[in-house]
Amino acid sequence: MSYRSGHTYSEYPQHHPHDHGRASQRRGAASHAAPVAPSQTGYTLVHAGKQVRFGPVVFWIVVGAVTLLGVWSAATATYFAFRDDVLTRLIARQAEMQYAYEDRIAELRARVDRATSRQLLDQEQFDQKLEQVMRRQTALESRATALGTIPDVTGSIKPSRGAAASDVGVGTPKPSPISNTVIFVAPPDREARLESRAPILASPPPNRFAKVQGVDNVLVRLQSSLDQVENRQMAALNSYQDGMESRVRRMRGVIGDLGLDMGQLESAVPRMAMGGPFVPVKLAPDSSPFDRQLYRINVTRSQVDRLNRTLALVPYRKPVIGEVEFTSGFGVRSDPFLGRPAMHTGLDFRAAMGDPVRATANGKVVSAGWSGGYGRMIEIDHGNGLATRYGHLSDIGVKIGDVVKIGQVIGEVGSTGRSTGPHLHYETRIDGDAVDPQKFLRAGVRLSAG
């Protein structure tokens, strides 16, 4: 192929006629080569003596198409040769992305599960704390009910001034008519009260989820409030038990100081109408300190009640009300009529004519009438050899065989018998022998002091 800018020249040289045959052979061979000769306006393709002229645009389009076809063929061959590896890599990449996506979903789901578990755990803990508070409140309310049976612990509610005037003598305990003090009964103005009512719990319902941090603070404050109430209850019980035990010791000490036999006194106490099957008191091994303390208090109270019934037969109270003033003591004195030393077997209480005389202990009247120097006299047998005499009475209000109670009016002060003026002659006797009544009166003062 060659390019001509002007005329078209033959590619082959001129030959002589005698070389015509040889030249024809060369032209035949040359025509099979089909060369393309560029022309002035494009490219010429010569084949078998024919010439095909192409413009430059068409030529380059054909060349580009052939090139693209070759490239496409090479790419297709490469694809078919390596498509298994490509597909494997694509599948592996897709699987990796899927696994990563699933791992992310699993992680998020685990976070949600942990958050849900934490919330359920918090809810369960909140419900447990709230249930514990409710149980403590219920226990404290039951304790308050138990303490309500002990008036010395819970005290009493003071009436208002307006209601006090209308309730006089109705619900207010009166002092003993003998000693002007309440023996073994808590005075109405005693301030030993126990704030045993737990505050009303304004807590959310148990199923409400506690997300707010302040809920824990509320529960802590409620627990603290219940702790304070429980501590006050225990302190009041301890104080009450100490007082009861001290009273038992004083009562036993008084009986011992008087030289009396506890066994004989208890056997002389009249039995009240009561009965029922014997059911022993059992304290559970897992009882709370409050229950054990209440059990000890009940045992001590039963001892105090038994001693109270026993001491009801001991004449340690005053036979007249008001201030005690003795005009003559027990022992040797100058006889008011003869002026000579004589044994005075009792105490003379100054009193006005007609003042009431009261029994100083439970007992039975064994004598009621005129008795020599005693004038009008009453003698009461209290059992176990204990007896009391009331002399110089102006009037007698009982008769032989009557059963009298502590503080009951049995007569009136007078001046009958060997008497120089209105007064009460009071004697205490053990097995018929006169003993100093002040010994019993001092025991009464000791008991009333507690």
Side-chain angles (χ1 to χ4, degrees), residues 176-180 254 257-260 311 313-398 400 404 406-446:
S176 170
I178 299 176
S179 61
N180 290 336
V254 164
D257 293 342
L258 294 176
L260 304 177
L311 289 174
L313 303 176
V314 179
Y316 62 85
R317 300 163 181 84
K318 296 186 299 181
V320 293
I321 61 175
E323 296 293 334
V324 176
E325 184 179 354
F326 302 131
T327 58
S328 182
F330 178 86
V332 179
R333 68 171 183 177
S334 177
D335 186 80
F337 291 96
L338 301 179
R340 293 183 299 180
M343 182 65 184
H344 188 230
T345 57
L347 291 177
D348 289 343
F349 289 84
R350 182 186 300 277
M353 182 69 70
D355 285 350
V357 177
R358 303 174 185 272
T360 56
N362 296 338
K364 185 177 182 180
V365 178
V366 296
S367 177
W370 191 271
S371 180
Y374 289 103
R376 291 190 178 90
M377 187 269 292
I378 298 174
E379 182 175 355
I380 300 176
D381 181 15
H382 304 289
N384 296 310
L386 284 174
T388 53
R389 292 181 178 180
Y390 310 82
H392 307 309
L393 302 178
S394 61
D395 184 45
I396 295 177
V398 293
I400 296 176
V404 295
I406 299 173
Q408 179 180 338
V409 177
I410 58 177
E412 297 179 358
V413 174
S415 185
T416 58
R418 294 184 78 247
S419 173
T420 60
H423 71 282
L424 173 65
H425 177 82
Y426 175 68
E427 293 183 4
T428 55
R429 292 179 175 267
I430 300 178
D431 296 329
D433 297 329
V435 296
D436 189 359
Q438 291 195 62
K439 183 178 182 180
F440 290 86
L441 295 178
R442 285 193 295 267
V445 172
R446 179 182 174 185

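From a predicted model like this one, the values you see are computed outputs, not experimental measurements.
Among residues at least two apart or in separate chains, there is no side-chain hydrogen bond (donor to acceptor under 3.5 Å, both in side chains) pair with a member in residues 430-445. Counting only residues at least two apart or in different chains, salt bridge (charged side-chain N to carboxylate O under 4.0 Å, His left out) contacts with residues 364-386 comprise Glu379-Arg389.
Summarising the geometry, atom CG belonging to Asn362 is positioned 8.5 Å from atom NE2 belonging to His382; distances are rounded to the nearest 0.5 Å. To the nearest 0.5 Å, atoms CZ (Arg350) and CG (Asp355) are separated by 12.5 Å. With rounding to the nearest 0.5 angstrom, the CD1 atom of Ile406 is 13.0 Å from the CZ atom of Arg358. Distance check, rounded to the nearest 0.5 Å: CG of Leu393 to CD1 of Ile378 gives 5.0 Å. Interatomic distance, CH2 of Trp370 versus CE of Met377, reported as 11.5 Å (0.5 Å rounding).
Residues Ile410 and Ile380 are in side-chain contact: their nearest non-hydrogen atoms beyond the backbone lie under 4.5 Å apart.
The heavy-atom pair separating Gly373 from His392 by the smallest distance is O-CE1, 3.1 Å. For the residue pair Met353 and Ser394, the shortest heavy atom distance occurs at SD-CB, 4.1 Å. Among all heavy-atom pairs drawn from Leu347 and Pro437, the shortest one is CD1-CB, 3.6 Å. The nearest pair of heavy atoms linking Ser415 to Thr420 is OG-C, 4.2 Å. The minimum heavy-atom distance linking Gly444 with Tyr316 is given by the pair CA-CD1, 3.2 Å. Of all the heavy atoms in Ala368 and Ile400, the pair that sits closest is N-CG1, 3.8 Å.
Every residue meeting the side chain to side chain donor-acceptor pair (under 3.5 Å) condition with Asp257, not counting sequence neighbours, appears here in chain and number order: Arg446. In this structure Thr416 satisfies the side chain to side chain donor-acceptor pair (under 3.5 Å) test with no other residue, sequence neighbours excluded. Taking Tyr426 as the reference, Thr360 meet the side chain to side chain donor-acceptor pair (under 3.5 Å) condition, with sequence neighbours excluded. Remark: Val435 pairs with Thr428, Ile430, Phe440 by the side chain to side chain contact (heavy atoms under 4.5 Å, CB included) rule, at least two apart or across chains.
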Side-chain atoms of residues 326-346: list all donor-acceptor pairs with protein atoms under 3.5 Å, sequence neighbours left out, distances to 0.1 Å.
residue: Thr327; atom: OG1; partner: Asp348; partner atom: O; Å: 3.4
residue: Ser328; atom: OG; partner: Arg333; partner atom: NH1; Å: 2.9
residue: Ser328; atom: OG; partner: His344; partner atom: ND1; Å: 3.4
residue: Arg333; atom: NH1; partner: Asp348; partner atom: OD2; Å: 3.4
residue: Ser334; atom: OG; partner: Gly339; partner atom: O; Å: 3.4
residue: Asp335; atom: OD1; partner: Arg418; partner atom: NH1; Å: 3.4
residue: Asp335; atom: OD1; partner: Arg418; partner atom: NH2; Å: 3.4
residue: Asp335; atom: OD2; partner: Phe337; partner atom: N; Å: 3.0
residue: Asp335; atom: OD2; partner: Leu338; partner atom: N; Å: 2.7
residue: Asp335; atom: OD2; partner: Arg418; partner atom: NH2; Å: 3.1
residue: His344; atom: ND1; partner: Gly329; partner atom: O; Å: 2.7
residue: His344; atom: ND1; partner: Gly346; partner atom: O; Å: 3.0
residue: His344; atom: NE2; partner: Asp348; partner atom: OD1; Å: 3.3
residue: His344; atom: NE2; partner: Asp348; partner atom: OD2; Å: 3.4
residue: His344; atom: NE2; partner: His425; partner atom: ND1; Å: 3.3
residue: Thr345; atom: OG1; partner: Glu427; partner atom: OE2; Å: 2.5

For the pair Leu260 and Leu386, evaluate side chain to side chain contact (heavy atoms under 4.5 Å, CB included) and give the outcome as yes or no after the intermediate values.
-> CA-CA 9 Å; Leu260 304 177; Leu386 284 174; 4.2 Å; yes
